[in-house]
Every structure is written in C-alpha cells, then in structure tokens.
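Just the heavy atoms: all of them, side chains too, but no hydrogens, waters or symmetry mates, feed the values below. Counting starts at 1 for both ligands and their atoms, in listed order.
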Amino acid sequence: MSEKSPLVIELETLQQQAQTELAALKSESELQSWKTRYLGRSATVMQIFKRLPEAAPEQRAAIGQFANQVKNTLEAGFNQMMETVRQAQLQQSLKSEQLDVTLPGRVPARGRLHIQTQVLREVCHIFNEMGFQVFRTDEVESDEYNFELLNIPAHHPSRDMWDTFYTTKEGVILRTHTSPGQVRSMRAFNPDPIRVVLPGMCYRYEQMDASHEIQFNQIEVLVVGKDITFANMKGTLVEFAKRMYGKDVRTRIRPGYFPFTEPSAEMDVECFVCGSKGCPVCKGSGWLEILGCGMVHPIVLQNGGYDPEIYSGFAAGMGVERISMLRYHVDDIRRFWENDIRFLEQF
Ligand code: DAH
C-alpha cells in the first residue's frame with residue numbers, strides 16, 4: 001500500500017474545513033466570499049494542479065483526479081447552500097410582506113371647519129333668515145374708513161378704545177373692528193335701503209391674556225332706511241338673541257357710548273352659567289355683555305351718502321370668539337388662534 005501523498009492530506013483537510021464553514025453561512029455575501037476563498041483562482045484546490053510536480057510521478061494522476069473531485073464537491077455544496085439561503089430569504093420577505101385583508105381600514109384624517117367659521121356661519125344664517133345679506137370688506141383698511149368716517153377724528157380721545165396695528169404705509173392699518181364696513185356698504189348700496197351683516201377678522205395691538213387676543217372675529221349688523229327706529233333695533237337684536245341662545249333667554253339693553261352711534265347701547269344676556277345668580281363668569285352681575293349697538297350717527301349716515309333728515313338706521317357689533325367662549329365654556333380666548341389641534345378637534 002502506497003503512502004498517502006501530503007497533497008492528498010492537504011486536500012482532505014481543506015475540504016473538511018471548507019464544508020464546516022459552508023454549513024454555517026447565512027447570507028449570499030458570506031457565500032460569495034467563501035467561494036472566492038475556496039474555489040477562486042488562487043485557492044488551494046486550484047493551485048494543486050501547479051504543485052503536482054511535488055508528488056511522486058506515479059501518484060500525480062490520482063492526485064489530480066482527487067483535486068477535481070474535491071473541487072466538484074465544494075462547488076455542489078456551494079450551489080446547494082446558495083439555494084437554501086435564497087429560499088430562506090424569500091420566506092422571510094414573504095412573511096414581512098404579508099397582507100391581512102381582514103384588518104379594518106385606516107380612517108383618513110379629514111379636515112373640518114374651524115370652530116369660529118362654524119359659529120360665524122351660524123350667526124350669519126340666523127340673520128339671513130331675518131332678511132339680512134352678508135357683505136364682506138377687507139381686513140386691511142384705511143384710517144379713513146376705520147376711524148375718520150365713523151366720527152372718530154385723529155387725536156380724539158375715543159381712539160383709545162382701539163389699539164391699532166399700523167402698517168409702514170401711511171394711513172393703512174389692520175381694521176380694529178368690522179364697523180368700517182358700515183360706510184363701505186352704505187356707499188355700495190346708496191340710495192337703496194340696507195340690511196346687511198359684515199363678518200370677519202379684526203386686529204388689535206393688545207397685551208394678550210385670557211380675554212384679549214390680537215386677532216378675533218366680529219359681526220357687524222347694519223340697517224339703513226326710512227323710519228328705522230330704536231324699537232326696530234331692539235326687536236331685531238332680542239329676536240337674534242332668542243334664536244342664538246334659546247327662546248327663553250332674558251336680555252337687557254343698557255346705555256353705552258360709541259362715537260358712531262347716537263344714542264348708543266350695550267346688550268346683555270342673562271348668565272347661563274349661573275342662571276343670573278352671579279358667578280365668576282359674569283363677575284357676580286348675573287349678566288353677560290354680548291354686543292354694542294345704537295342708532296347710526298347722523299355724521300356717519302352723511303359720510304355714507306344718506307341724508308340723515310330722510311334716513312335713519314341702527315348698527316350693532318359683536319365678538320364671535322366671545323359667543324363661542326360662553327357657549328362652549330372656553331376660558332381662554334388665545335385657544336382659538338394658537339392652532340393646537342387637540343383644542344380644534346373638539347368642535
Ligand atoms: N365697533 C365696536 C367695537 O369694536 C362695536 C360696535 C358698537 C359696533 C356699537 C356697532 C355699534 O355697530 O353700533 O368695539
């Protein structure tokens with residue numbers, strides 16, 4: 001029996017080592033580097049043929065054959081392992097891409113109307129039913145319409161009622177109330193009678209706190225015609241309060257002061273938090289102020305092109321955030337425009 005050639009022993013050891021390593025491989029890239037190591041051009045099995053002269057001449061053919069056999073065995077092992085790894089990867093990805101058609105669908109997030117848009121529309125709707133139409137004017141106003149034409153001259157102390165945002169352009173401001181729409185609508189409708197509501201955003205240069213915002217909505221009411229009286233105003237506003245706050249709501253009208261109305265008044269509704277007994281919301285008075293109103297001042301009628309000897313009218317203005325605060329018990333006006341979705345989603 002002839003001695004085993006050292007080359008054969010080397011091949012046997014190599015085969016065993018390669019197979020052990022192969023069995024533990026998990027990925028295609030590991031397999032590829034294994035292949036380079038054991039079957040690449042410089043791998044031992046491939047180099048054996050060049051080293052045949054190291055062996056005895058009569059053993060060379062058999063060693064060559066054995067080297068081929070080792071090479072084929074490793075290649076077959078490689079192919080098989082590659083297949084196994086690919087199958088495993090496929091199974092893995094199928095598992096992760098699994099689709100459960102019985103799962104309930106995801107509800108898409110839908111937008112909604114802002115709470116103030118809803119309340120604005122509700123107030124406009126009530127006035128629509130009472131025969132009023134909506135008239136819109138701009139949020140960027142002139143000093144002339146916001147003040148002068150409303151009988152609030154420059155330097156008049158009554159200007160202190162409205163802290164104003166001025167722009168860099170002389171005479172252009174952000175409207176501090178919806179009242180400039182009074183003269184604008186008069187000039188638009190002249191000489192016809194007028195029955196309009198003017199909704200929209202107003203701006204004031206306020207120190208913000210729980211009851212002061214730099215932006216808020218108002219709705220202005222304006223009626224101009226022949227023989228319009230204070231009684232017409234009272235009847236209209238009381239009817240509005242009933243439709244807005246419930247038909248049994250109690251209201252009262254107190255004297256007030258505004259430069260663009262004469263006489264001027266303020267309207268209160270009974271505090272529905274305490275039932276007019278007196279509580280922190282109504283500051284103990286039992287009443288909540290909801291609007292300012294009055295008979296349109298002759299100067300304002302004249303500025304709108306209506307002869308105060310022939311025409312008369314009434315006007316009112318109310319804060320829309322205030323309506324919502326009372327109705328939904330919102331204790332901080334800043335909630336409305338800070339855009340916290342958790343607040344807005346409640347409505
Ligand atoms: N414009 C006033 C304000 O912002 C509210 C107001 C009061 C409007 C009396 C009116 C009115 O039309 O007649 O404070």
For this session: Answer with yes or no after comparing the ring centroid distance for Phe135 and Phe189 against a 6.0 Å cut-off, counting only values under it.
Result: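 Aromatic pair counts; centres sit under 6.0 Å.
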
Exercise. Are the ring centres of Phe165 and Tyr203 closer than 6.0 Å?
Worked result: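 So the answer is no for these two rings.
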
Problem set entry | Rounded distance [0.5 Å steps], CD in Glu83 versus CG in Leu31 |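 Rounded to the nearest 0.5 Å, the CD-CG separation comes out at 11.5 Å.
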
For this session: Mind jotting down which protein residues get a heavy-atom contact under 4.0 Å with ligand 1? Chain and number order, please.
Result: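 Within 4.0 Å of ligand 1, protein side: Trp162, His177, Ser179, Gln182, Arg204, Gln218, Glu220, Phe258, Phe260, Thr261, Gly292, Cys293, Gly294, Ala315, Ala316, Gly317.
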
Between [X] and [Y], is any side-chain donor less than 3.5 angstrom from a side-chain acceptor?
X: Thr164; Y: Arg159; value: no
X: Thr251; Y: Asp268; value: no
X: Asn128; Y: His125; value: no

